[in-house]
Amino acid sequence: MLIHLIRCLKGYVVVRVYGYAPERFLNLCSNNGILIWDIRNRGTCYEMKMSIRGFRNIRPYARKTKTKIMIREKHGLPFFIFRNRKRKAFFAGMLLCMALLYVMSLFIWDIRIEGCSQYTPELLTDFLEDNGVRHGMKKKEVNGENIQFLLRNQYPDITWASVSVEGTRLLVKIQEDTVAAEEEKEGFETPCDLVSPEDGVITEMIVRQGTPQCRIGDTVQKGDILVSGRLEIRNDSKEVVRYEYVRADADVYIEYEEAYHVVVERTFERRIYTGEKKKGVFLKVLSKELKLSQSPEAFLLYDTVTVQNQLKLLDNFYLPVFWGSICFREYELKEDVYSEEETEKLLRKRKEQDFGDLEKKGVQITENNVKIQIGKNQGTLSGTLLLRKRAEDTALTEQPENPVLEENTKQDG
């Protein structure tokens, strides 16, 4: 593709060679560095392509081999310019177009954000626009370090960001690493106690750092200290001589019961499309928009389907030109009732969604006593869940000014 483009820019001709010894002519051209390609045998002659420079140098070889050369076609920019040399307005328009493309290439016309999982690209794009990073800004005004700082400062889950300008596109790649955030949290040295997140029973307990305040099988209340961040340092007589404070680190799982209740109304308004449509097209250049469509004012209720495209010359060379189609579809609202099968399907879907949300939060469902009941007007999911959750809540460890003296005073009293 690139070679063909270069040949078109330099220009080339399609020639026909015939006469006494065309094969010898081809050998002389090859031996003297004259580039020939697409050679085709036409029976009594040969057809081939060669550059303008090569064509100018073949006369001695044609005379020597007694062959005749006939130009069949002319291709490329030099011939195009020569044929249109009197069309001054055309070339002026080409120069103006090239100048306009050059000016457009100095700005950002497309912003793409990759690597999103927790945050949508639209959310991050709106945030950047609110902070001055928007479509139409000059490429020289793009400050990659500032964009990275804005994203990491606003969204702590974004642990890494890369900003690059490719053509007229601003490409932002991010990485959301909750594991790294947890590791950073674990490495934080502020003394903390591990507290219970719910009212329940301890089913598992492995302490790596800190002083356990409960045992497996104990019933705890929400906010109770499970592992203290205060360590007792004792002497040989088993007397406390001082305290040290650490961040409690342990795997403690709490099992607890939780009520679950969901209601779905069986009556609803269904959209019934009438089949009436009004279509149109639109063209948008920068902030100016031209719409050529039928007015949907005759429709009482309708929805809009828009398909938009953006002009791009190359993979990353976007321009602020948009076009597309608009379709207005009329509908009516009709009161309807879900069947028992539809209601049950909706309830099961809601149940799967809620249970999936619990699993994403690290909550395990060890027992499910939820039942479906379908009445005349409503469908319900009700019952209890036995859940198992890892304790991750913390509270600052209390640090008296002189804890040993305070403990001794309490004992003497």
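Worth knowing before you read on, the calculation uses all heavy atoms, side chains too, and leaves out hydrogens, waters and symmetry mates.
- No more than 12 heavy atoms of other residues, nucleotides or ligands sit less than 6.0 Å from atom CD of Glu398.
- Taking each heavy atom of Gly229 and Asp193 in turn, the nearest pair found is N-OD1, 2.6 Å.
- The two residues Asn41 and Gly43 have their closest heavy-atom pair at OD1-N, 2.8 Å.
- Side chains of Phe322 and Leu311 form no contact here, defined as non-hydrogen atoms less than 4.5 Å apart.
- At a cut-off of 3.5 Å, with distance as the only test, no side-chain donor of Gln175 or Thr159 sits close to an acceptor on the other residue.
- With values rounded to the nearest 0.5 angstrom, Leu301 atom CG is found 12.0 Å from Ile272 atom CD1.
- Contacts of Ile147 classified as side chain to side chain contact (heavy atoms under 4.5 Å, CB included), with partners at least two apart in sequence or in another chain: Leu128, Val133, Val142, Leu151, Val163, Leu170.
- Looking at heavy atoms from C-beta onward, Glu204 lies in side-chain contact with Ile206 at the 4.5 angstrom threshold.
- Judged purely by distance below 3.5 Å, without hydrogens or angles, the side chains of Asp224 and Ser196 never pair a donor atom with an acceptor atom.
- At least one side-chain heavy atom of Pro197 sits under 4.5 Å from a side-chain heavy atom of Ile254.
- Distance CZ/Arg247 to OG1/Thr190: 7.0 Å, rounded to 0.5 Å.
- You'll find the ring centres of Trp109 and Phe317 outside the 6.0 Å limit.
- Looking only at distances, a side-chain donor or acceptor of Asn235 sits under 3.5 Å from a matching main-chain atom of Ser237.
- Of all heavy-atom pairs between Ser293 and Gly280, the closest is CB-CA, 3.5 Å.
- The main-chain N or O of Cys214 is never found under 3.5 Å from a side-chain atom of Asp218 such that the two would form a donor-acceptor pair.
- Within 6.0 Å of NZ on Lys74 lie no more than 12 heavy atoms contributed by other residues, nucleotides or ligands.
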Open item on the list: Between Glu23 and Tyr46, does the side-chain contact (heavy atoms from CB on, under 4.5 Å) criterion hold? Intermediate values first, please.
Closed with: CA-CA 9 Å; Glu23 293 83 0; Tyr46 288 89; 3.0 Å; yes
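- By the 6.0 Å and 45° rule, Lys278 stacks over the aromatic ring of Phe299.
- Between Met50 and Leu35, the closest side-chain pair of non-hydrogen atoms is not below 4.5 Å.
- Side-chain contact check for Asn377 and Arg266: no donor-acceptor pair (N or O, by modelled atom type) lies under 3.5 Å.
- The structure places CD of Glu344 at 15.0 Å from OH of Tyr338, a figure rounded to the nearest 0.5 Å.
- Contact record, Thr343 with Gly379: CG2-CA, 3.9 Å, taken as the closest heavy-atom pair.
- Heavy atoms from other residues, nucleotides or ligands lying under 6.0 Å from CG of Leu95 number more than 12.
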TODO: Go through Thr203 and Glu255 one step at a time and tell me if the side-chain hydrogen bond (donor to acceptor under 3.5 Å, both in side chains) criterion holds.
DONE: CA-CA 6 Å; Thr203 60; Glu255 193 170 68; 5.5 Å; no
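- Residue Phe149 places its CZ atom among 12 or fewer non-hydrogen atoms of other residues, nucleotides or ligands, all under 6.0 Å distant.
- Contact annotation: the side chain of Thr125 never approaches that of Val172 to less than 4.5 Å [non-hydrogen atoms, C-beta and beyond].
- Remark: Lys312 NZ to Asp110 CG distance equals 9.0 Å, nearest 0.5 Å.
- The pair Glu335-Arg270 fails the salt-bridge criterion, with no side-chain N (NZ, NE, NH1 or NH2) lying under 4.0 Å from an Asp/Glu carboxylate O.
- Glu352 has no carboxylate O lying under 4.0 Å from a charged side-chain N of Arg348, or vice versa, which leaves the two without a salt bridge.
- The existence of a salt bridge linking Glu232 and Arg230 is excluded, since no basic side-chain nitrogen approaches an acidic carboxylate oxygen closer than 4.0 Å.
- Looking only at distances, a side-chain donor or acceptor of Thr366 sits under 3.5 Å from a matching main-chain atom of Leu386.
- Residues Ile202 and Val252 meet the side-chain proximity criterion, which asks for heavy atoms closer than 4.5 Å.
- The backbone N or O of Asn27 sits nowhere less than 3.5 Å from a side-chain atom of Ser30 that would complete a donor-acceptor pair.
- Within the 4.5 Å cutoff, the side chain of Arg40 has no heavy atoms near those of the Met48 side chain.
- When every heavy atom of Cys29 is checked against every heavy atom of Ile58, the shortest pair comes out as SG-CG2, 4.2 Å.
- More than 12 heavy atoms of other residues, nucleotides or ligands lie within 6.0 Å of CZ in Arg234, so this atom counts as buried by the packing criterion.
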TODO: Take Phe55 and Ile69, measure what side-chain contact (heavy atoms from CB on, under 4.5 Å) needs, and give me the verdict at the end.
DONE: CA-CA 10 Å; Phe55 179 77; Ile69 311 296; 3.8 Å; yes
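- Ring orientation note: the planes of Phe127 and Tyr155 are nearly perpendicular, at an angle over 60° on the 30°/60° scale.
- Ionic pairing of Arg72 and Glu47 is present here: one or more N-O contacts between side-chain nitrogen and carboxylate oxygen are shorter than 4.0 angstrom.
- Looking at Lys284, its side chain never comes within 3.5 Å of a backbone N or O of Gly324 through a donor-acceptor pair.
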- [ ] Go through the steps to decide whether Lys10 and Ile52 satisfy the test side-chain contact (heavy atoms from CB on, under 4.5 Å), and finish with yes or no.
- [x] CA-CA 8 Å; Lys10 292 184 176 181; Ile52 297 176; over 6 Å; no
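- Both tests pass for Arg7 against the ring of Trp37: distance under 6.0 Å to the centre and angle within 45° of the axis.
- The OH atom of Tyr253 sits 6.0 Å away from the CZ atom of Arg388 when rounded to the nearest 0.5 Å.
- Arg329 forms no cation-pi arrangement with Tyr302, by the criterion of a distance under 6.0 Å to the ring centre and an angle within 45° of the ring axis.
- Atom CZ of residue Phe282 and atom OG1 of residue Thr306 lie 6.5 Å apart, to the nearest 0.5 angstrom.
- For the pair Cys116 and Leu124, the minimum side-chain heavy-atom distance is below 4.5 Å.
- Salt bridge annotation for Lys49-Asp38: present, with a cationic side-chain nitrogen under 4.0 angstrom from a carboxylate oxygen.
- A salt bridge links Asp251 to Arg208: one of the charged nitrogens lies within less than 4.0 Å of a carboxylate oxygen.
- Separation of the Tyr260 and Phe355 ring centroids falls under the 6.0 Å cut-off.
- Of the possible polar contacts, none joining the Gln364 side chain to the Gly362 backbone as a donor-acceptor pair under 3.5 Å is found.
- Shortest non-hydrogen contact noted between Gly200 and Tyr256 is CA-CB, 4.0 Å.
- Each salt bridge (Lys or Arg N to Asp or Glu O under 4.0 Å) pair with one or both residues in residues 357-374, not counting sequence neighbours, would appear here, but there are none.
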Open item on the list: Would Val220 and Leu226 count as a side-chain contact (heavy atoms from CB on, under 4.5 Å) here? Give the steps.
Closed with: CA-CA 8 Å; Val220 294; Leu226 304 176; 3.9 Å; yes
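- Side chain of Gln310 to backbone of Val321: no donor-acceptor contact under 3.5 angstrom is found.
- Residues satisfying the salt bridge (Lys or Arg N to Asp or Glu O under 4.0 Å) test with Arg271, not counting sequence neighbours, are Asp303.
- Environment of CZ in Arg42: crowded, with over 12 heavy atoms of neighbouring residues, nucleotides or ligands closer than 6.0 Å.
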